Each structure stands twice: as structure tokens, then as C-alpha cells.
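Taking it in order: structure first as C-alpha cells, then the write-up.
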Amino acid sequence: QSYMGRLETSDKESVHLVENEIQARIDNIFSNLERLEILSSKEPPNKRQNAKLRVDQLKYDVQHLQTALRNFQHRRYLREQQERQREELLARTFTTNDSDTTIPIDETLQFNESLQSAHRGMDELIGSGTNILQGLRDQRVTLKGTHKKILDVANMLGLSNTVMRLIEKRAFQDKFLMLGGMAVTCLIMFLVVQYLT
């Protein structure tokens, strides 16, 4: 975040260095998040859900930083392109026309304005398409995280059902063992009373 603040105030010479530094840090954070995701899956079951949620939140925040960096680069590219066009226009030298030369200036001007308008429209379309694509990527990551959480919950529920079935089966066996033991004990007591008294 602090580097993004520096990006807004950087001059033309150092803006590329700051952009590269931000991109390197974002890549480093993504690699660390992948390691964190692996480590969070090894947490105890009662802490695993919370750890995964925190990793997903960090991932979401970093993706927003990546989107902000791309938007800044896109705006900077448009600014530099406009400055280049302005300098080319100011540096162009005009000479007087020959007497037999005529230029349809109105039609050329209208054509140039139409081209500039179409160019701006395409830039806006590309920018909005980039934002939509990034939004879809973010949603895909979020949906993948949700899918993993649902699978974890389903696995935990399946394990719980298996344990409950085993407990019920064991309780049923223990009841028969208890009844059998009581019958054997009663039989021994009867035999002892019958033959020893």
C-alpha cells in the first residue's frame, strides 16, 4: 500500500522502477500465500477453517492491489501516448501551399476527430474488459476457496457419520455382552447355591 502511494507521486524516470518493485512484491506475496494455503490445510480441524478464511482474505486484498497497479499502468500509458501525440503535433512544421494545391481541411479534421473518438472508445473498452476479466478471476478464486471449504465440511460430516455408526454398533454389541455376562453370572450363582449348600 505504501508503494502504491509512492507510485502516484513518482516522476517519469522512477515510475518504472516503482512499478517493477510493486510487481515483484506482489509476486512474492502470491508465492507466500501459496505456502500459507498449504500450511493452513495442515492446521488442526478446529483452526483450519479460520486459517483458510484469513488466507483467502489476504489473497483477495493482494488481487485488488494487482488490479490497482494495472489500472495505474493503463492510465500512465494513455497519458504518455497523449503527450507523444501532442509533442508530434507541436513539432510538425507547416509550409505554405502551392497555388494549385488545396486541402479539404474540414473533412480531414472531422475524419481525425472520428478516429480519435474511436481510439478513445477502444481504450475505454479494453480497460473495462480488463477490469471485467480481473473481476471474473477474483470470483473464480473465491469460488474455488468456497468449493474447498464445502468439500472440507462434507469430509468432516462424513467422518462424523462414520464415527456415530461405529459408536452405535459398539453400544449394540456391549448390550449383548452385558446381558450374556449377567446370564452367566446368574447361572454360576445358581450352581454355587445348588451344589455348595
Side-chain angles (χ1 to χ4, degrees), residues 1-91 115-163:
Q1 288 285 4
S2 63
Y3 271 82
M4 289 299 291
R6 283 176 54 190
L7 193 60
E8 296 290 341
T9 58
S10 299
D11 54 3
K12 290 181 182 179
E13 289 76 18
S14 61
V15 68
H16 296 290
L17 298 175
V18 179
E19 284 178 0
N20 292 338
E21 178 69 22
I22 292 173
Q23 189 60 54
R25 285 174 182 262
I26 288 175
D27 293 340
N28 188 23
I29 292 172
F30 270 125
S31 65
N32 287 337
L33 282 175
E34 289 175 2
R35 288 178 56 209
L36 269 178
E37 196 167 12
I38 294 170
L39 291 175
S40 68
S41 64
K42 296 179 181 177
E43 285 284 320
N46 57 345
K47 294 182 180 178
R48 188 179 305 154
Q49 190 76 12
N50 191 22
K52 284 189 177 182
L53 282 175
R54 287 160 70 185
V55 171
D56 288 343
Q57 181 62 43
L58 283 173
K59 209 179 272 190
Y60 187 71
D61 293 342
V62 176
Q63 284 168 351
H64 274 292
L65 281 176
Q66 181 79 60
T67 304
L69 178 62
R70 285 180 182 151
N71 288 338
F72 178 83
Q73 289 173 331
H74 181 66
R75 289 196 309 270
R76 180 180 55 77
Y77 172 73
L78 288 179
R79 268 199 316 270
E80 289 176 355
Q81 191 176 25
Q82 289 172 355
E83 287 174 6
R84 276 199 307 271
Q85 290 174 351
R86 191 180 305 115
E87 288 172 4
E88 287 174 4
L89 185 61
L90 292 174
L115 282 178
Q116 289 292 334
S117 175
H119 183 68
R120 280 192 300 272
M122 287 301 294
D123 284 339
E124 290 171 1
L125 190 62
I126 290 171
S128 63
T130 304
N131 291 335
I132 290 170
L133 183 61
Q134 187 60 40
L136 288 173
R137 285 180 182 149
D138 294 344
Q139 289 178 6
R140 178 174 169 264
V141 170
T142 306
L143 287 174
K144 280 177 69 178
T146 307
H147 184 252
K148 285 182 183 176
K149 290 171 197 159
I150 291 172
L151 287 178
D152 289 343
V153 171
N155 289 335
M156 288 174 64
L157 287 176
L159 184 62
S160 300
N161 289 337
T162 305
V163 171

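In what follows, every heavy atom counts, from backbone to side chain, and hydrogens, waters and symmetry copies are set aside. Just so you know, these numbers come straight off a predicted model, no measurement behind them.
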Checklist outcome for this item: Smallest heavy-atom separation, D56 atom then G145 atom, equals OD2-CA, 4.2 Å
Item to check | Contact check, side chains of F72 and V18, non-hydrogen atoms, under 4.5 Å | outcome: no
Checklist entry - If you measure from CG on N131 to CG on L136, what distance do you get to the nearest 0.5 Å? => result 11.0 Å
Next on the checklist: Can you confirm whether M122 sits close enough to H119 that some side-chain heavy atom of one is under 4.5 Å from a side-chain heavy atom of the other?
Outcome noted: no
Checklist entry - Can you name the salt bridge (charged side-chain N to carboxylate O under 4.0 Å, His left out) partners of R76, sequence neighbours left out? => result E19, E80
Checklist outcome for this item: For E83, the salt bridge (charged side-chain N to carboxylate O under 4.0 Å, His left out) test, sequence neighbours excluded, returns K12
Checklist entry - If you round to the nearest 0.5 Å, how far is CD of Q57 from OG1 of T142? => result 9.5 Å
Item to check | Separation of L143 CG from I150 CD1 (nearest 0.5 Å) | outcome: 9.0 Å
Checklist outcome for this item: When rounded to the nearest 0.5 Å, the distance separating CD1 of I38 from CZ of R35 is 9.0 Å
Checklist outcome for this item: Sorted by chain and residue number, the side chain to side chain contact (heavy atoms under 4.5 Å, CB included) partners of I126 (sequence neighbours excluded) come out as T130
Checklist entry - Going through the checks in order, is the salt bridge (charged side-chain N to carboxylate O under 4.0 Å, His left out) test met by E21 and R25? => result CA-CA 6 Å; E21 178 69 22; R25 285 174 182 262; 2.8 Å; yes
Next on the checklist: One pair to check against salt bridge (charged side-chain N to carboxylate O under 4.0 Å, His left out): K52 and E43. What are the steps and the verdict?
Outcome noted: CA-CA 9 Å; K52 284 189 177 182; E43 285 284 320; over 6 Å; no
Checklist entry - Could you go step by step and tell me if L33 and V62 meet the side-chain contact (heavy atoms from CB on, under 4.5 Å) rule? => result CA-CA 10 Å; L33 282 175; V62 176; 4.2 Å; yes
Checklist entry - Are side-chain N/O atoms of Q66 and Q23 paired as donor and acceptor at under 3.5 Å? => result yes
Item to check | S41 side, atom OG; L36 side, atom CG - distance, nearest 0.5 Å | outcome: 10.5 Å
Checklist entry - Under 3.5 Å, is there a donor-acceptor pair linking the side chains of Q134 and R70? => result yes
Item to check | Heavy-atom check, side chain of D61 versus side chain of L65, under 4.5 Å | outcome: no
Checklist entry - Quick check: does any side chain N or O of N28 sit under 3.5 Å from a backbone N or O of A24, one acting as donor and the other as acceptor? => result no
Checklist entry - Hey, mind stepping through L39 and V55 against side-chain contact (heavy atoms from CB on, under 4.5 Å) and telling me if it holds? => result CA-CA 10 Å; L39 291 175; V55 171; over 6 Å; no
Next on the checklist: Taking the side chain as everything from C-beta on, heavy atoms only, tell me whether I29 gets closer than 4.5 Å to K59.
Outcome noted: no
Checklist entry - Got a sec: does the CZ of R54 have more than 12 other heavy atoms crowding it under 6.0 Å? => result no
Checklist entry - What residues, two or more places apart in sequence or in another chain, satisfy side-chain hydrogen bond (donor to acceptor under 3.5 Å, both in side chains) together with K144? => result none
Checklist outcome for this item: Sorted by chain and number, sequence neighbours left out, side-chain hydrogen bond (donor to acceptor under 3.5 Å, both in side chains) with Y60 holds for H64
Item to check | Partners meeting side chain to side chain contact (heavy atoms under 4.5 Å, CB included) with H74 (sequence neighbours left out) | outcome: L78
Next on the checklist: Would Y77 and Q73 count as a side-chain contact (heavy atoms from CB on, under 4.5 Å) here? Give the steps.
Outcome noted: CA-CA 6 Å; Y77 172 73; Q73 289 173 331; over 6 Å; no
